[in-house]
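This chain uses plain numbering: 1 for the first residue, then up along the sequence. Side chains are part of it too, since the values below use all heavy atoms of this structure and drop only hydrogens, waters and symmetry mates.
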Amino acid sequence: MQHFQNLAIIILSGWETIFMQHFQNLAIIVLLNFLVYYKTLFFGYVGDDIERAERAQEFKNIFHRWWLQFIGLKHRNPMVAHFISIITHTACAMMIYLSLGSFFGDYPSAFLAALLFSINPINMQGSVWISGRNYAVSAIFALSMFLFPLISWMPYIATSHFAVNAWFAPLLFLGTKYWYMAGIIPITWLLTTNNRQTLHRKLWETGDLKTTNSEMRAIKIQKIIPFLKTYIYYFGLCVFPFRLGIEHDFLRGFGTNKTDNAKGYKMDWIFFTGLAVFGSVCLLSVHSILTSYHSILISHNWNPIIWGLFWFTINIAMWCNFVTYQQQLAERYCYLANIGMMFAIANLIINYPVLIAVFLIAYLIRLWYSMEIYLDDYWAVEHTLIEQKGMYYLWLMRGVKKFMIKDHIGALYDFNMAYRFKPYDLKILFNLATTTFLLGDADKAREYLTKARENVYDELDTTKPAFDNLEAMIKTVEETKARGETRVQIDMNKVMIVK
């Protein structure tokens, strides 16, 4: 009897030690996230946040209000909204520790991965930007699949209700004893409609209108070139967040005009680097899956570094412009994929304290001084332009905002800066035409409008009313001048710009 009592004490003390270790690690993750992201509680709204805060919304009850706030469809207070974002990002980091630690039986590496993920600046569109929060929530459900593999179909379905994300995540079960759970992908897509409807909406509909830019949706073998370029760009951003911002200029414009299409399809060093890295990850992953048959019933044959890179590749592939169903590039697309990248790096450096310190300190410093990109809508543009001075679209948006408050001189300056970096962009040329017309230079307006017409890609149906409207006003001024008259009546309220 005494022997059994001693054995029970040993077992219980062992469980207590394990529990305390997990509790301490989780507490460190929580503390780190709240200390780092505390200052975001005093940030404002950026981009889509503003529309969601200002839209009229009737609440059925207090729970309905809380739910809409949680999923980001309605913001009532920026501090509360940012607090929810801190909570969800922290929960995601905790799930990295619990899910990947449990799945691989390696909690130290999972703990390091959680710390790296917590402060990696590339995650700011999930951790700081309110409108990107759903990507964090979706990632939490994706991680739950590996904490509860036998019911992974439930969190997999849940991911689709928050963000376009995790469509191929179950493939990560391949090469493990839960390999059959990869089959939930076709079954879920067949039996549920949410993913199918989302795909149809993203590809074919925008506000009940047919989208333009058919090159984005085209499926052809040449698309492997921009696919691999985008892949390696995201790969580099996750490891070394060398440029950050609300928008990115890399491949921006691909699918919207012939010049950017030619750049996207060019087989340059970026393409060959992407081919080498993507090909290597795929070959190593396939090898791990095919050689796992002899041990699949008891464990798996995955090297955790390769599995982490496989996670990254599986979850970033849908965003690599083989088929473009949202903007060409966005940091929030990296959120789920970056979990795998951080797990791979953690397993790579786990035995090298100096490298651990270098990564943690570098990420922390970069994050701390970059968070103010999301301070408010003004600084989102200004900080991004500091990071990416050639980001023509933000110069365009800068000009649009000035135009809307009738600062036409300021708008002209910003449109000219955008023109400097992309002189063939339809929107820039049209807005230059509009602005110069308002400032009294009809001849210059005619010149820009002609160039804009020359650079129409496949958007003619959507741009024709704006073109015709400006054309008519310019023609009125020209006819007035031809008659020798010096005054002309123009309804300036009909002057429009595009963004």
Side-chain angles (χ1 to χ4, degrees), residues 164 167-168 199 202-204 206 210-240 242-243 245 247-283 309 312-334 337 388-396 418-430 451-463 498:
V164 181
W167 283 355
F168 306 113
L199 182 62
K202 293 294 183 181
L203 285 180
W204 301 105
T206 302
K210 293 295 182 182
T211 63
T212 57
N213 308 326
S214 57
E215 187 68 23
M216 290 183 174
R217 306 190 307 268
I219 299 176
K220 52 187 180 181
I221 192 65
Q222 298 98 309
K223 295 290 278 295
I224 194 66
I225 300 173
F227 173 89
L228 292 172
K229 287 184 174 183
T230 309
Y231 174 84
I232 198 61
Y233 185 78
Y234 281 135
F235 192 103
L237 277 181
C238 288
V239 182
F240 307 108
F242 54 94
R243 56 167 58 180
E247 299 273 357
H248 281 254
D249 58 1
F250 183 77
L251 285 185
R252 179 81 194 200
F254 175 75
T256 65
N257 61 75
K258 294 178 181 178
T259 305
D260 284 322
N261 286 352
K263 292 179 180 179
Y265 286 124
K266 183 180 179 182
M267 298 175 65
D268 53 16
W269 69 270
I270 301 175
F271 163 75
F272 288 109
T273 305
L275 177 63
V277 175
F278 179 80
S280 298
V281 172
C282 289
L283 287 174
L309 294 175
F312 170 82
T313 301
I314 285 296
N315 289 299
I316 204 63
M318 62 186 290
W319 300 114
C320 287
N321 291 308
F322 190 81
V323 176
T324 306
Y325 31 80
Q326 291 186 178
Q327 67 195 73
Q328 292 91 340
L329 282 134
E331 291 172 16
R332 59 188 176 277
Y333 302 161
C334 294
Q388 305 173 60
K389 294 179 177 59
M391 183 55 204
Y392 77 95
Y393 183 72
L394 291 183
W395 285 110
L396 175 70
Y419 178 78
R420 173 184 170 188
F421 296 110
K422 187 159 287 194
Y424 49 84
D425 183 80
L426 167 68
K427 295 177 181 179
I428 296 170
L429 290 166
F430 181 81
K451 289 182 179 179
R453 287 190 183 278
E454 292 171 354
N455 283 278
V456 170
Y457 186 51
D458 61 352
E459 302 161 308
L460 185 58
D461 291 340
T462 57
T463 60
V498 294

What closest approach, in Å, do [X] and [Y] show between heavy atoms, and which atom pair accounts for it?
X: Gly264; Y: Phe254; value: CA-CD1, 3.9 Å
X: Cys334; Y: Ile316; value: CA-CD1, 4.0 Å
X: Lys427; Y: Leu396; value: CB-CD2, 4.0 Å
X: Phe250; Y: Lys229; value: CE2-O, 3.6 Å

Any donor-acceptor pair under 3.5 Å from [X] side chain to [Y] backbone:
X: Asn321; Y: Phe227; answer: no
X: Trp395; Y: Gly390; answer: no
X: Glu247; Y: Leu394; answer: no

Check: residues 232-239 side-chain donor-acceptor pairs under 3.5 Å, at least two apart:
unit_1	atom_1	unit_2	atom_2	d
Tyr233	OH	His248	ND1	2.8
Tyr234	OH	Ala330	N	3.2

* To do: Run the ring-centre check on Phe278 versus Phe271 and record whether the distance is less than 6.0 Å.
  =>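 When the ring centroids of Phe278 and Phe271 are compared, they turn out to be at least 6.0 Å apart.
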* Tyr393 vs Phe421, ring-ring contact (aromatic ring centres under 6.0 Å, His included): CA-CA, chis, key distance, verdict -> CA-CA 9 Å; Tyr393 183 72; Phe421 296 110; over 10 Å; no
* To do: For Thr230 and Gln328, run side chain to side chain contact (heavy atoms under 4.5 Å, CB included): C-alpha distance rounded to whole Å, both residues' side-chain angles, the deciding distance at 0.1 Å, then the answer.
  => CA-CA 9 Å; Thr230 309; Gln328 292 91 340; over 6 Å; no
* Asked: Under 30°, 30 to 60°, or over 60°: which ring-plane class applies to Trp319 and Tyr333, parallel, tilted or perpendicular?
  -> parallel
* Enter the distance from Glu331:CD to Arg243:CZ here, rounded to the nearest 0.5 Å. =>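 Spacing of CD (Glu331) from CZ (Arg243) equals 10.5 Å.
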* To do: Show the numbers, then the answer: is there a side chain to side chain contact (heavy atoms under 4.5 Å, CB included) between Arg252 and Tyr392?
  => CA-CA 9 Å; Arg252 179 81 194 200; Tyr392 77 95; 3.4 Å; yes
